[in-house]
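Inspection log for the structure reproduced underneath, given as structure tokens.
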Amino acid sequence: MKEKLIQRYKRSERINHWIVAVCFMLLAISGLAFFYPAFFWLTGVFGTPQLARIIHPFVGVVMFIGFTVQFFRYWKYNFIDKEDIKWMKSVKTVLKGHETGDIGKYNGGQKGMFWLMTACMAVLLCTGFIAWRPYFAEMFPIPVIRLALLFHAWAALILIAGIIVHVYAAFWVKGTIRAMVEGVVTQNWAKKHHPRWYREMMAKNAEAEREKGNKSS
């Protein structure tokens, strides 16, 4: 029997997501190399330590631009409501495979991750700008640069921890990876994990079919 599918992400959304993801991986690897001597050998991801220091901030700018696109695409779906609170309070039940609440396009965990990423990205951009040699660092006193590097490292570690949880959840919930690779999910998946979004999409699809039928007649 053929699966009944719903489009969750367009091609442009998926491409943008993977650009941000690849940039994040490169930045996380090289960033850990800068801050922890034991990982210094990871600077080889960009060829040499010198190249890593030069390229790292430019990749950061690309990631920030990509995330900014994502932010303006998805912010309106990420305001936390009472159903998300219910989901968060029942997270242990959710981990056992039993969904809770009338969840829209994103659940409470996904919304929390969205705002965590937004905050971390803002801190990383501002502190990275302050510490970026040879372009901007000379505009700031040494104590400010030191503080910027400290906050940069904290924000990066928080973001890395958040992304680890994000990736784990994507593998944990079967069908989630398919959404970001192929752009579609099954109707059963949508109905189970995001019932309110499922109803909205079914209503939208039904309306599109009616309009199509009216035009053909």
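Note that the numbering runs from 1 along the sequence shown for the chain.
Rounding to the nearest 0.5 angstrom, the gap separating the CZ atom in Phe46 from the CD1 atom in Ile55 is 5.5 Å. Between Gln70 atom CD and Ile19 atom CD1 the span is 9.5 Å, to the nearest 0.5 Å. Between the CZ atom of Phe171 and the CD1 atom of Ile177 there is a distance of 4.5 Å, given to the nearest 0.5 Å. The structure places CG of Asn107 at 10.5 Å from CD1 of Ile80, a figure rounded to the nearest 0.5 Å. In this structure, CD1 in Ile85 is found 12.0 Å from NZ in Lys82, a value given to the nearest 0.5 Å. Put simply, SG on Cys120 and CG on Leu125 are 12.5 Å apart, with the number rounded to the nearest 0.5 Å.
Residues meeting the side-chain contact (heavy atoms from CB on, under 4.5 Å) test with Lys10, sequence neighbours left out: Gln7, Ser12, Glu13. Not a single side chain to side chain donor-acceptor pair (under 3.5 Å) links Asn188 to another residue, sequence neighbours left out. Among residues two or more places apart in sequence or in another chain, the side chain to side chain donor-acceptor pair (under 3.5 Å) test is passed with Arg11 by none. Residues satisfying the side-chain contact (heavy atoms from CB on, under 4.5 Å) criterion with Leu150, sequence neighbours excluded, are Trp154. For Lys191, the side-chain contact (heavy atoms from CB on, under 4.5 Å) test picks out Tyr198, with sequence neighbours left out. Taking the ring-ring contact (aromatic ring centres under 6.0 Å, His included) definition, one finds that Trp189 meets it with His193, His194, sequence neighbours left out. For the side chain to side chain donor-acceptor pair (under 3.5 Å) test, residues two or more places apart in sequence or in another chain that qualify with Asp102 are Arg199. For Phe114, the side-chain contact (heavy atoms from CB on, under 4.5 Å) partners are Phe71, Tyr74, Trp75, Asn78, Thr118, not counting sequence neighbours.
By the rule that hydrophobic residues join a cluster once side-chain heavy atoms approach within less than 4.5 Å of another member, Val20 and Ile158 end up as members of one cluster. Using a 4.5 Å cut-off between side-chain heavy atoms of Ile, Leu, Val, Met, Phe, Trp and Tyr, with links allowed through other members, Trp115 and Leu159 fall into the same hydrophobic cluster. Hydrophobic clustering keeps Met180 apart from Ile6 (ILVMFWY residues linked when any side-chain heavy atoms are closer than 4.5 Å, directly or through intermediates). Taking hydrophobic clusters as Ile, Leu, Val, Met, Phe, Trp and Tyr residues chained together by side-chain heavy-atom distances below 4.5 Å, Tyr77 does not share a cluster with Met201. Taken together through direct or relayed side-chain contacts under 4.5 Å among Ile, Leu, Val, Met, Phe, Trp and Tyr, Val61 and Phe58 form part of one hydrophobic cluster.
Under the 4.5 Å side-chain criterion, counting only non-hydrogen atoms from C-beta, Glu83 is in contact with Lys86. Using a 4.5 Å heavy-atom cutoff, the side chains of Ile130 and Met139 are not in contact. Between Phe140 and Phe129, some side-chain heavy-atom pair lies under the 4.5 Å cut-off. In this structure, the side chains of Tyr106 and Asp84 stay at 4.5 Å or more apart for every pair of heavy atoms. Leu5 is not listed as a side-chain neighbour of Val185, based on a closest heavy-atom distance of 4.5 Å or more.
Nearest heavy atom pair, residue Gly108 against residue Met88, reads O-CE, 3.3 Å. Looking at every heavy atom in both residues, Leu116 comes nearest to Gly162 through CD2-CA, 4.2 Å. Pairing each heavy atom of Gly101 with each of Pro195, the nearest pair is O-CG, 3.9 Å. Across Val123 and Ala155, no two heavy atoms sit closer than the pair CG1-CB, 3.7 Å.
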Query raised in the report: Between Phe151 and Leu124, is a side-chain contact (heavy atoms from CB on, under 4.5 Å) present by the stated rule, with each step listed?
Result: CA-CA 8 Å; Phe151 286 118; Leu124 288 169; over 6 Å; no
Report task. Using the side-chain contact (heavy atoms from CB on, under 4.5 Å) rule, take Ile103 and Trp197 through it: C-alpha gap first, then chi angles, then the decisive distance, then the call. Result -> CA-CA 7 Å; Ile103 303 301; Trp197 176 73; over 6 Å; no
Query raised in the report: Where do Lys89 and Thr100 land on the side-chain contact (heavy atoms from CB on, under 4.5 Å) test, with the steps shown first?
Result: CA-CA 9 Å; Lys89 289 181 177 179; Thr100 302; over 6 Å; no
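Formation of a donor-acceptor pair under 3.5 Å by the Arg8 side chain with backbone atoms of Lys105 is found in this model. A donor-acceptor distance shorter than 3.5 angstrom exists from the side chain of Thr48 to the backbone of Leu51, with no hydrogens or angles considered.
Applying the 6.0 Å contact sphere to CZ of Arg73 captures more than 12 heavy atoms from other residues, nucleotides or ligands.
Summarising the hydrophobic clusters (Ile, Leu, Val, Met, Phe, Trp, Tyr; side-chain heavy atoms under 4.5 Å, direct or chained), the residues clustered with Val165 are none.
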Side-chain donor-acceptor contacts of residues 24-40 below 3.5 Å, not counting sequence neighbours, with atom names and distances?
from, atom 1, to, atom 2, distance (Å)
Ser30, OG, Leu26, O, 2.8
Ser30, OG, Leu27, O, 3.3
Ser30, OG, His56, ND1, 2.7

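Arg196 has a carboxylate O that lies under 4.0 Å from a charged side-chain N of Asp81, or vice versa, which qualifies the two as a salt bridge. Taking 4.0 Å as the cut-off between side-chain N and carboxylate O, Glu207 and Lys204 do not count as a salt-bridged pair.
Legend: side-chain hydrogen bond (donor to acceptor under 3.5 Å, both in side chains) pairs involving residues 121-140, not counting sequence neighbours, sorted by first then second residue: Thr127-His152. Pairs of residues two or more places apart, or lying in two chains, that qualify as side-chain hydrogen bond (donor to acceptor under 3.5 Å, both in side chains) and include a residue from residues 159-178 are Glu3-Arg178, Arg178-Glu182.
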